[in-house]
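Below, each value reflects all heavy atoms present in this structure, side chains not excepted, and no hydrogens, waters or symmetry copies. Letters go in sequence order (proteins before strands), and every chain restarts at 1. Quantities reported herein were computed from a predicted structural model and do not represent experimental measurements.
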Amino acid sequence: MDKDQVSAILAEIGTLLELQGESGFRTNAYHNGARAVQQLEGDLGEVIRRGELGDVPGIGATLREKITTLVTTGSLPFYDKLKEEIPAGLVEMLRIPGLGPKKVKAIHESLEIDTLEKLRIACESGQVAKLKGFGAKTQEKILEGLKFVSEVGNRVRLDQAMWVADGIVAGLREASGIIRMEVCGSIRRRKETCKDIDLLVSSDTPGPIMERFVSLPGVITVTGHGPTKSSVVVQRVTASGTRITMNADLRVVPDVHFPFAQHYFTGSKEHGIAMRLRAIKHDLKLNEYELAGEGHSIPCKTEADLFRALGLDFIPPELREDTGEMDAAERHTLPKLVEVGDIRGVFHNHTVYSDGANTVEEMARAAQALGFEYFGLGDHSQSLTVANGLTPDRVRAQQKEVDAVRKKMKGFHIFKGTECDILEDGSLDYDDDLLATFDYVVASVHSFFNQPREEMTARIVRAVRHPRVTMLGHATGRLLLKRNRYHVDLDAVLQAAADCGTMIEINADPHRLDLDWVHCKRAKALGVLLVINPDAHSTGGLANFRFGVDVARRGWLEKRHVFNTMSGDAVAKEFAKRSKRGT
DNA sequence: GCCGTTTTCGGCCCGACTGTTTTCAGTCG
């Protein structure tokens, strides 16, 4: 059982205990423990064997016992018993906005309701409104919430959330009296998926701004409308017809409160709590309006002032997860994070030769237009027939074409590459002689996703160790909100990459974002070189590299940890060096 | 259930909004 599974079970235990009416402090301990496990660096089993689990902050004697049982036996009687006692439908009910553990418990105990369907029927017949502490409005809200839950999932991808947020910001700009405005929350922290949109505005005249917000085009429901805070459900349809529905909250504060509110609403919740605890240690109180001590308030114009007042360097939003950023900010050891402008080229891109929409030259020129110094190809290999993978003959034809385009685009590097399939047994889809004709090789898994963990790990490790493999593509194969990652011991893969100098790709396609930020941190610690690839299938897809930069930043990466911050000449030299290694 | 410059018990972040309430609990972020 790996970290993700253990973490999910701990979080579920926390939720189940909430539904039993347990103290919030106890249930919180499980949620904290879940987070601690998920963000643990290194192999969980190894940490247990070394007896270091109890040293992890947030894991005490009880959780240590439970986690050890889970990992060593694969199950936990305490958890199994909880699941038997609490119907799964109650957990589903928690997804309904406005329904928390207390209300769900009340509904279950007084009306014996344990599924969403029974809840709907009870609301429609007016039974719920009669319950103590409930009423007609609550019942109506639950019905709306049931519809919301059935129509949309909880989270959307970052690119979709940003697009919806941009629309709201553009609409709000037409209101007068806005002094400062910023999208906060998980969008500002660049989480790969987001639940809602948190907007913050400073103004002396909040009224008209609130009015504008609740009547923006696309607003389908107003769920809250106060003088300083409003909430709406907003819906936009993309050019390709995808309907995106999200909650959006707007807070309006006087400008003097802006930095405090900005910090507060950016989160994460855990980072915010850690900051408030730090304020308390300084005999100060921090909330969304001020940082204050007895009888005095500390003025701050920006977030940087706020951090400084607590003895901290500025912590970039991407790092605010309470995973060590406070200590680093205090010791002045925060990383100087890689930036979009540091990226000088990209590899792993597709053309019309396989499943891309544009020619080699169109892609290369688009890359040049983005300000890159180089562009690398990564069309699919022969066994991936569904994506029109290249046979050796077609590889040679493409390489001839590249030679021709190179002549036309002097001063711009075009690197010959391939996204070569890792076959079922870990061997590669081309023979060594053909692989030697490329400047670099991206090796990826595109088949047999359901292999058992040991097989998949051995398969990928074998490919990573292949001397012709420059970088591993798609480290996990996940499709955000659609397909889970395949079962693989990523720590073993990263270790293998570290051992033989193979790079690991941060796949920047916002549908994928293979290699999450937690493993970025781990890779960095092991000395693995990372590379940000857009996996572009058209000229427009090249710009997605920015989402990879977001992941890298969340993974504490600096410029030096990312291969494609190097110049085109340096990259060419590195490839030449590696090609000798492979012979 | 965790934790300790308040250390083995007694705390545990903080405020807005809503709905159902005559003063506040529940939810949310």
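- As rounded to whole Å, 13 Å separates atom P of dG15(B) from atom CD1 of I273(A).
- Between dT23(B) and dT18(B), the distance separating the two C1' atoms is 15 Å to the nearest Å.
- Taking the P atoms as reference points, dC13(B) lies 16 Å from dT5(B), given to the whole Å.
- Taking the 5.5 Å centre cut-off and the 30° plane limit, the aromatic side chain of F134(A) is not classed as stacked on dT20(B).
- Remark: T62(A) is in phosphate contact with dC2(B), judged by side-chain N or O atoms under 4.0 Å from OP1 or OP2.
- When distances are taken from the side chain of Y289(A) to each of dG15(B), dG29(B), dG1(B), the shortest belongs to dG15(B).
- Rounded to the nearest Å, the gap between the P atom of dT21(B) and that of dA16(B) is 24 Å.
- Look at CE on M93(A): it is 17 Å from C1' on dG26(B), rounded to the nearest Å.
- No salt bridge links E140(A) with K137(A); every basic N to acidic carboxylate O contact stays at or beyond 4.0 Å.
- Remark: the separation of the C1' atoms in dG26(B) and dT20(B) is 11 Å, to the nearest Å.
- Between R26(A) atom CZ and dC2(B) atom P the separation is 10 Å, expressed in whole Å.
- The nearest heavy atom of DNA chain B to I280(A) and to G100(A) marks one nucleotide each, and the one closer to the 5' end goes with I280(A).
- Sequence order on DNA chain B of the closest nucleotides to L286(A) and P101(A) puts L286(A) first from the 5' end.
- Salt bridge present: R478(A) and E192(A) bring a charged side-chain N and a carboxylate O closer than 4.0 Å.
- Remark: the separation of the P atoms in dC3(B) and dT8(B) is 16 Å, to the nearest Å.
- Taking only side-chain nitrogens and oxygens, K229(A) never comes nearer than 4.0 Å to OP1 or OP2 of dG29(B).
- Contact between the side-chain N/O atoms of T27(A) and the OP1/OP2 oxygens of dG1(B) is not found at any separation under 4.0 Å.
- Going from the P atom of dC12(B) to that of dT6(B) covers 14 Å, rounded to whole Å.
- Listed for the Q39(A) side chain is no donor-acceptor partner under 3.5 Å among the backbone atoms of A36(A).
- In this structure, the ring of F260(A) has its center no less than 6.0 angstrom from the ring center of Y289(A).
- If you measure from atom CG of L277(A) to atom C1' of dG4(B), you get 13 Å, rounded to the nearest angstrom.
- Spacing between atom CD1 of I96(A) and atom P of dT18(B) amounts to 20 Å, rounded to whole angstrom units.
- Counting only N and O atoms by type, the side chains of H519(A) and D516(A) include a donor and acceptor under 3.5 Å apart.
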